[in-house]
Amino acid sequence: MIEINGVSHSYGKSKILQNISLSIKESGITALIGPNGAGKSTLLSLMARLQPLQTGSISFDGQSVSQTPTRELAKTLAILRQDNALSSRMSLRDLVGFGRYPHHKGRPTAKDHKAVEEALDYFDLQDMSGRFIDEVSGGQKQRALVAMAFCQETKYLLLDEPLNNLDMYYARSLMKRLREIADTGKRSFVIVLHDINYAGAYANEIIALKDGTLAIHGTPQDVLETNALQTLYSMKITVTQHQDQLIALHHL
Amino acid sequence: MKNIGVAIVALFALSCFSLFVGVKEISISDWWQTPQNIDLFFISRIPRTLAVVLTGASLAVSGAVMQMLARNSFVEPSSVGTAQSAALGILLVTLLYPGSPLIVKMIVASITAMIGMAVFLAMISRLPVTSPLLVPLVGLIFSGIVEALTIFIAFQTEMLQFQGTWMSGEFSGILRGRYELLWLCGVLAILTYVVADQFTIIGMGKDASINLGLNYKQVVIVGLFILALSTSLVVVTIGMIPFVGLVVPNIARKLMGDNLRASLPWVAVLGALLVLVCDLIGRLVHFPYEIPVGTVLGVIGSFVFLYLLYARPAHAR
Ligand SMILES: Nc1ncnc2c1ncn2[C@@H]1O[C@H](COP(=O)(O)OP(=O)(O)OP(=O)(O)O)[C@@H](O)[C@H]1O
Ligand SMILES: [Mg+2]
């Protein structure tokens, strides 16, 4: 269980997050949505202790992010950042392998190698595993970074716009894969998504931020609804149904 | 190509060759037959060759570590003021406590090197990440200032000539009993290899380090410590040698990327090879006189570096 309590954050004078309190249940996919600049990445980076908390508290299974040693937390939660500017020149296999570092601390075992190979297989990276990260396409790089976060095999995985740069094939296959794993009940995902149809189709619950405040925390049915979308994005979006799946026609 | 055994054999062969280069001619077939020759070997030739190899490896490894800590591939201890700060420390301790033993000089030099590096890192942390070339420029300016200060003090105290020995490195004065501190550099290089993964992760950035559970500050401090120690060890025993720490890690990076676990052995061996070759050139070009290794490296190193800057990135496949 992730508990966020009274978290506010500001850069200088501008308030980015205002008194966010929510709890996220175990095992499942939680989608984090909201307009550009709503504070999604800021919230995720606070959850992943990439910046110190200014006010409030965040904990994963009772482990507070500000008090638990970062080495311990690295086995509980992992994050994929939105801007994955990576200056290191590393082969994809090495990069994915570093996802295992919190477990092996520099001495990889057979289990670690196996996890790396599985991730490379799963994200279709075997063919190019020897290539350097600065010599592959944007989508291939994104897949490698997702694979790296995946390999860390943490109970909680925070993904900031993981579908960036991915084509339709890999976007869907990533979401399906996350759904399968979430269904085993072993791992939970918090995913920032811009495509509300993905959020509607794959998430158990949706958290919507707007202007740094919590706008909606509910089921896909609560969010994929014309009025809710109107208040969130200030635009009129028709919602239809395909079989039992709600579809927002946001592109029309 | 990626067989490090070949490089090690080449290093070994060249080291053996280096043993037989010198003013007094010694032939491979009968060097052990006269006691003078054996003495010459153990007092001068072997220490010199070992010093060259240890120095080269240490300079290259230090360069690789510094490039990870600064997240910039155009820096090395002698181009961003670390070695200059060490030299300043040696000058100060020599002035204030003349006749203090080498180990005291070494410790003071490490402390000033550490301070110099901390100042440099603090300065570059304010630079925009979008302009990577600013980092080495700031380093050059900073090292220029420290060097100017050192020369000024040396000039005022009539220590200029003495100061010159730390400023430009050469191996001609190396004898048994004068180079043994360099073994510590070897130990530090091995220590670096042991924690190589941590430095690699630091090179991926602060967020990546935190995400993988590293104590960012602590690893940076360990890195600074290793760098300060090995830089000042080299400055105290040999003097400053440019370019090795810049050129060698960049070549290794092209071939092997930024994973230090894989590239450090290469960095060490190539660094030793480069300095050995330059030392041999310096000894042979103007035989029987010597050109200091720093001068040879200044020429060769700058060409290689320009080539690396302009060479188009090799595309895999
Ligand atoms: N380092 C920073 N300094 C100052 N302001 C910042 C900084 N980072 C983000 N902001 C501001 O904080 C607000 C929230 O940013 P955040 O990155 O969390 O938005 P987001 O919801 O992830 O948006 P997007 O959908 O575009 O990724 C924005 O208004 C942004 O301009
Ligand atoms: Mg964002």
Side-chain angles (χ1 to χ4, degrees), chain A residues 41 44-45 47-52 65 68-108 127-136 145 148-149 151-152 154 157-158 160, chain B residues 2 64 67-75 124 128-132 135 191-219 249-264 308 312-317:
Chain A
S41 297
L44 229 57
S45 72
M47 290 165 74
R49 77 210 176 289
L50 301 186
Q51 331 183 43
V65 291
T68 316
T70 192
R71 154 163 44 87
E72 295 301 317
L73 285 172
K75 291 185 224 166
T76 307
L77 69 115
I79 186 171
L80 170 78
R81 293 192 330 135
Q82 177 179 359
D83 63 34
N84 38 45
L86 195 76
S87 58
S88 291
R89 176 176 157 85
M90 216 167 310
S91 75
L92 298 193
R93 172 173 274 106
D94 284 352
L95 185 78
V96 174
F98 271 104
R100 299 296 304 168
Y101 182 82
H103 302 278
H104 65 61
K105 297 280 182 337
R107 309 273 171 277
D127 293 349
M128 56 189 103
S129 65
R131 280 176 45 193
F132 290 117
I133 191 81
D134 53 356
E135 292 170 356
V136 297
L145 289 165
M148 177 185 177
C151 242
Q152 210 171 322
T154 51
L157 185 53
L158 315 176
D160 200 344
Chain B
K2 289 200 177 174
Q67 289 169 16
M68 287 292 163
L69 296 189
R71 299 191 67 197
N72 188 296
S73 51
F74 303 117
V75 297
I124 63 167
V129 280
T130 44
S131 40
V135 172
L191 193 68
T192 307
Y193 183 74
V194 172
V195 292
D197 283 338
Q198 305 199 11
F199 290 135
T200 307
I201 294 173
I202 292 288
M204 295 199 255
K206 192 169 185 177
D207 285 347
S209 310
I210 297 175
N211 184 38
L212 294 177
L214 275 199
N215 187 334
Y216 187 81
K217 252 201 196 129
Q218 193 181 314
V219 179
N250 274 293
I251 293 173
R253 181 169 202 260
K254 283 241 144 122
L255 298 174
M256 249 156 307
D258 274 329
N259 188 356
L260 287 184
R261 176 74 66 212
S263 65
L264 269 187
L308 286 174
R312 299 221 279 143
H315 280 284
R317 283 149 190 270

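Values in this document were obtained by computation on a predicted structure and should not be read as measured data. Proteins come first, then strands; the chains are lettered A, B, ... in the order of their sequence lines, and each starts at number 1. All heavy atoms count here, side chains included; hydrogens, waters and symmetry mates do not.
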If I compare all heavy atoms of [X] with all of [Y], which pair ends up nearest, and what's the gap?
X	Y	answer
A74(A)	N211(B)	CB-O, 3.6 Å
L255(B)	F132(A)	O-CZ, 3.8 Å
R107(A)	R261(B)	NH1-NH2, 3.4 Å

Chain A: which of L214(B), L212(B), I201(B), D197(B) shares the most heavy-atom pairs with it under 4.5 Å? L212(B)
Does any part of the side chain of Y216(B), heavy atoms only, come nearer than 4.5 Å to the side chain of T70(A), both counted from C-beta? no
Check whether any side-chain heavy atom of Q67(B) sits under 4.5 Å from a side-chain heavy atom of N250(B), and report yes or no. yes
Which answer fits [X], side chain, backbone, both or neither, if we ask what part of it has an atom under 4.5 Å from a heavy atom of chain B?
X	result
R81(A)	side chain
L73(A)	neither
L95(A)	side chain

Contact class of V195(B) relative to chain A, heavy atoms under 4.5 angstrom: neither
Most contacts with chain B, counted as non-hydrogen pairs under 4.5 angstrom, among M148(A), R49(A), Q51(A): R49(A)
